[in-house]
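If you're wondering where the values come from, they're calculated on a predicted model, not measured in any experiment.
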Amino acid sequence: MWEEQYRLRIATILNSASEHNVQVLWLAAPCMRKPQLNLGMVYLNTLYQSEVEKRQQHFLTTNQLLGCTYETFNSFIESNKDKIKVRVDDGIHFTPIGQKILAKAIMDKIIFKQLEDDDSD
(Lines give C-alpha, C1' and ligand atoms only; values in the text may rest on other atoms or scores of the structure.)
Protein backbone atom coordinates (compact mmCIF):
# COMPACT_ATOMS: atom_id res chain seq x y z
CA MET A 1 0.00 0.00 0.00
CA TRP A 2 2.79 2.41 0.95
CA GLU A 3 4.74 1.71 -2.24
CA GLU A 4 1.66 2.26 -4.36
CA GLN A 5 1.04 5.65 -2.74
CA TYR A 6 4.69 6.63 -3.08
CA ARG A 7 4.69 5.69 -6.77
CA LEU A 8 1.58 7.83 -7.22
CA ARG A 9 3.42 10.81 -5.72
CA ILE A 10 6.32 10.29 -8.09
CA ALA A 11 3.88 9.96 -11.00
CA THR A 12 2.16 13.20 -9.96
CA ILE A 13 5.44 15.08 -10.26
CA LEU A 14 6.24 13.50 -13.61
CA ASN A 15 2.72 14.05 -14.95
CA SER A 16 2.83 17.72 -13.96
CA ALA A 17 6.11 18.13 -15.84
CA SER A 18 4.64 16.38 -18.87
CA GLU A 19 1.55 18.62 -18.85
CA HIS A 20 3.88 21.62 -19.09
CA ASN A 21 6.13 20.02 -21.75
CA VAL A 22 9.03 19.92 -19.32
CA GLN A 23 11.57 17.13 -19.30
CA VAL A 24 12.70 15.73 -15.98
CA LEU A 25 16.19 14.89 -14.82
CA TRP A 26 15.74 12.93 -11.58
CA LEU A 27 18.85 12.44 -9.46
CA ALA A 28 19.24 9.17 -7.60
CA ALA A 29 19.68 9.41 -3.87
CA PRO A 30 23.33 8.58 -3.20
CA CYS A 31 24.78 6.11 -0.73
CA MET A 32 24.40 7.02 2.94
CA ARG A 33 26.68 6.32 5.89
CA LYS A 34 23.96 4.83 8.15
CA PRO A 35 23.14 1.30 6.93
CA GLN A 36 19.36 1.51 7.47
CA LEU A 37 19.11 4.87 5.67
CA ASN A 38 21.30 3.52 2.87
CA LEU A 39 18.97 0.54 2.39
CA GLY A 40 16.07 2.96 2.20
CA MET A 41 17.81 4.93 -0.55
CA VAL A 42 18.42 1.77 -2.56
CA TYR A 43 14.72 0.92 -2.31
CA LEU A 44 13.51 4.45 -3.14
CA ASN A 45 15.82 4.63 -6.14
CA THR A 46 14.22 1.51 -7.60
CA LEU A 47 10.86 3.30 -7.38
CA TYR A 48 12.19 6.57 -8.77
CA GLN A 49 14.03 4.95 -11.64
CA SER A 50 11.18 2.70 -12.72
CA GLU A 51 8.64 5.55 -12.71
CA VAL A 52 11.00 7.94 -14.49
CA GLU A 53 11.83 5.37 -17.17
CA LYS A 54 8.13 4.50 -17.68
CA ARG A 55 7.59 8.10 -18.70
CA GLN A 56 10.76 8.20 -20.82
CA GLN A 57 12.42 10.82 -18.66
CA HIS A 58 16.00 10.98 -17.40
CA PHE A 59 17.48 9.34 -14.30
CA LEU A 60 21.00 10.21 -13.15
CA THR A 61 22.86 7.96 -10.74
CA THR A 62 25.06 9.86 -8.30
CA ASN A 63 27.24 7.35 -6.46
CA GLN A 64 30.02 7.27 -9.00
CA LEU A 65 30.18 11.06 -8.98
CA LEU A 66 30.54 11.00 -5.19
CA GLY A 67 33.03 8.14 -4.98
CA CYS A 68 30.85 5.61 -3.20
CA THR A 69 28.63 2.61 -3.77
CA TYR A 70 25.63 1.28 -1.86
CA GLU A 71 27.99 -1.34 -0.44
CA THR A 72 30.75 1.08 0.61
CA PHE A 73 30.21 4.61 1.88
CA ASN A 74 32.99 7.13 1.28
CA SER A 75 33.11 10.84 2.08
CA PHE A 76 35.95 11.45 -0.38
CA ILE A 77 36.74 11.14 -4.05
CA GLU A 78 40.22 10.90 -5.47
CA SER A 79 41.39 13.37 -8.07
CA ASN A 80 44.97 13.53 -9.28
CA LYS A 81 46.02 11.54 -6.20
CA ASP A 82 44.34 14.11 -3.92
CA LYS A 83 41.44 13.22 -1.67
CA ILE A 84 38.55 15.66 -1.95
CA LYS A 85 35.82 15.64 0.69
CA VAL A 86 32.40 15.58 -0.99
CA ARG A 87 30.17 14.65 1.99
CA VAL A 88 29.89 16.30 5.39
CA ASP A 89 30.34 14.37 8.60
CA ASP A 90 26.64 13.45 8.94
CA GLY A 91 27.07 11.04 6.01
CA ILE A 92 24.03 12.53 4.27
CA HIS A 93 24.65 16.04 3.02
CA PHE A 94 27.23 17.34 0.56
CA THR A 95 30.16 19.67 0.97
CA PRO A 96 30.24 22.72 -1.33
CA ILE A 97 32.61 20.78 -3.60
CA GLY A 98 30.23 17.80 -3.62
CA GLN A 99 27.40 20.16 -4.54
CA LYS A 100 29.45 21.60 -7.40
CA ILE A 101 30.22 18.11 -8.72
CA LEU A 102 26.51 17.27 -8.79
CA ALA A 103 25.65 20.65 -10.33
CA LYS A 104 28.20 20.09 -13.11
CA ALA A 105 26.75 16.64 -13.84
CA ILE A 106 23.29 18.19 -14.07
CA MET A 107 24.47 21.00 -16.34
CA ASP A 108 26.23 18.48 -18.58
CA LYS A 109 22.86 16.78 -19.15
CA ILE A 110 20.97 19.97 -19.99
CA ILE A 111 20.71 20.97 -23.64
CA PHE A 112 19.70 24.56 -24.27
CA LYS A 113 17.84 25.19 -27.50
CA GLN A 114 17.78 28.67 -28.94
CA LEU A 115 14.28 30.00 -29.31
CA GLU A 116 13.04 30.55 -32.86
CA ASP A 117 13.00 34.20 -33.98
CA ASP A 118 15.20 35.16 -31.05
CA ASP A 119 16.98 38.33 -32.13
CA SER A 120 18.66 38.98 -28.79
CA ASP A 121 22.31 38.16 -28.18
Side-chain angles (χ1 to χ4, degrees):
M1 176 71 85
W2 181 90
E3 181 177 321
E4 182 181 331
Q5 289 301 308
Y6 204 87
R7 284 182 182 276
L8 286 173
R9 289 181 181 180
I10 298 165
T12 298
I13 294 167
L14 295 168
N15 290 339
S16 179
S18 178
E19 288 169 7
H20 293 90
N21 295 319
V22 174
Q23 290 194 0
V24 173
L25 174 60
W26 197 296
L27 271 64
C31 60
M32 300 287 167
R33 174 175 282 135
K34 293 181 181 178
Q36 195 65 26
L37 182 58
N38 189 59
L39 285 174
M41 295 303 102
V42 172
Y43 174 68
L44 289 177
N45 282 335
T46 62
L47 303 182
Y48 299 144
Q49 188 169 12
S50 69
E51 294 301 315
V52 166
E53 289 176 353
K54 272 187 213 174
R55 287 160 182 82
Q56 299 178 334
Q57 294 296 324
H58 311 279
F59 187 80
L60 178 65
T61 59
T62 55
N63 282 344
Q64 186 176 6
L65 298 167
L66 298 168
C68 65
T69 67
Y70 290 116
E71 292 78 32
T72 307
F73 179 84
N74 194 349
S75 294
F76 297 86
I77 59 170
E78 290 191 30
S79 177
N80 299 327
K81 298 183 182 179
D82 292 329
K83 284 192 171 192
I84 300 169
K85 189 169 185 175
V86 294
R87 303 291 282 277
V88 297
D89 293 338
D90 67 3
I92 298 170
H93 298 95
F94 311 109
T95 63
I97 291 172
Q99 293 170 8
K100 288 178 184 177
I101 289 168
L102 292 173
K104 182 183 179 323
I106 293 166
M107 293 304 293
D108 288 347
K109 296 287 183 186
I110 295 174
I111 300 170
F112 294 97
K113 294 183 180 177
Q114 187 171 2
L115 297 174
E116 289 182 30
D117 300 325
D118 184 5
D119 295 328
S120 63
D121 290 25

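Both Leu65 and Ile97 belong to a common hydrophobic cluster when Ile, Leu, Val, Met, Phe, Trp and Tyr are linked at side-chain heavy-atom distances under 4.5 angstrom. Connection of Tyr6 to Ile13 is established within a shared hydrophobic cluster, with ILVMFWY side chains joined at heavy-atom distances below 4.5 Å, either directly or through further cluster members.
Annotation: the span from Ile101 atom CD1 to Phe94 atom CZ amounts to 10.5 Å, rounded to 0.5 Å. To the nearest 0.5 Å, the span separating CD1 on Ile10 from CG on Leu44 amounts to 7.5 Å. Note that CG of Leu66 and OG1 of Thr61 are 10.0 Å apart. Values are rounded to the nearest 0.5 Å. Atom OG1 of residue Thr69 and atom CD of residue Gln64 lie 11.0 Å apart, to the nearest 0.5 angstrom. Thr62 contributes atom OG1, which lies 10.5 Å from atom CE of Met41 (distance to the nearest 0.5 angstrom). Taken to the nearest 0.5 Å, the CG atom of Leu14 stands 11.5 Å off from the OH atom of Tyr48.
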Sequence neighbours excluded and cut-off under 3.5 Å, please list the side-chain donor-acceptor pairs for residues 25-38, or say none.
residue	atom	partner	partner atom	Å
Arg33	NH1	Asp89	O	2.6
Arg33	NH2	Ser75	OG	3.1
Asn38	OD1	Met32	N	3.0
Asn38	ND2	Tyr70	O	2.8

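Heavy atoms from other residues, nucleotides or ligands lying under 6.0 Å from CZ of Arg9 number 12 at most. By the neighbour-count criterion of 12 heavy atoms within 6.0 Å, atom CD of Glu3 is densely surrounded, having more than that number from other residues, nucleotides or ligands.
For Glu51 and Lys54, the salt-bridge test passes: some basic side-chain N is under 4.0 Å from an acidic carboxylate O.
The main-chain N or O of Tyr43 is found under 3.5 Å from a side-chain atom of Thr46 such that the two form a donor-acceptor pair.
Counting all heavy atoms, side chain and backbone alike, Ala17 lies closest to Val24 at CB-CG2, 3.5 Å.
A heavy-atom distance below 4.5 Å is not found between the side chains of Arg87 and Asn74. Using a 4.5 Å cut-off on side-chain heavy atoms (C-beta onward), Gln57 and Ser18 make no contact. Annotation: side chain of Ile110 is in contact with side chain of Met107 (closest heavy-atom distance under 4.5 Å).
Listed by first and then second residue, the salt bridge (Lys or Arg N to Asp or Glu O under 4.0 Å) pairs that reach into residues 68-84 come to none, sequence neighbours excluded.
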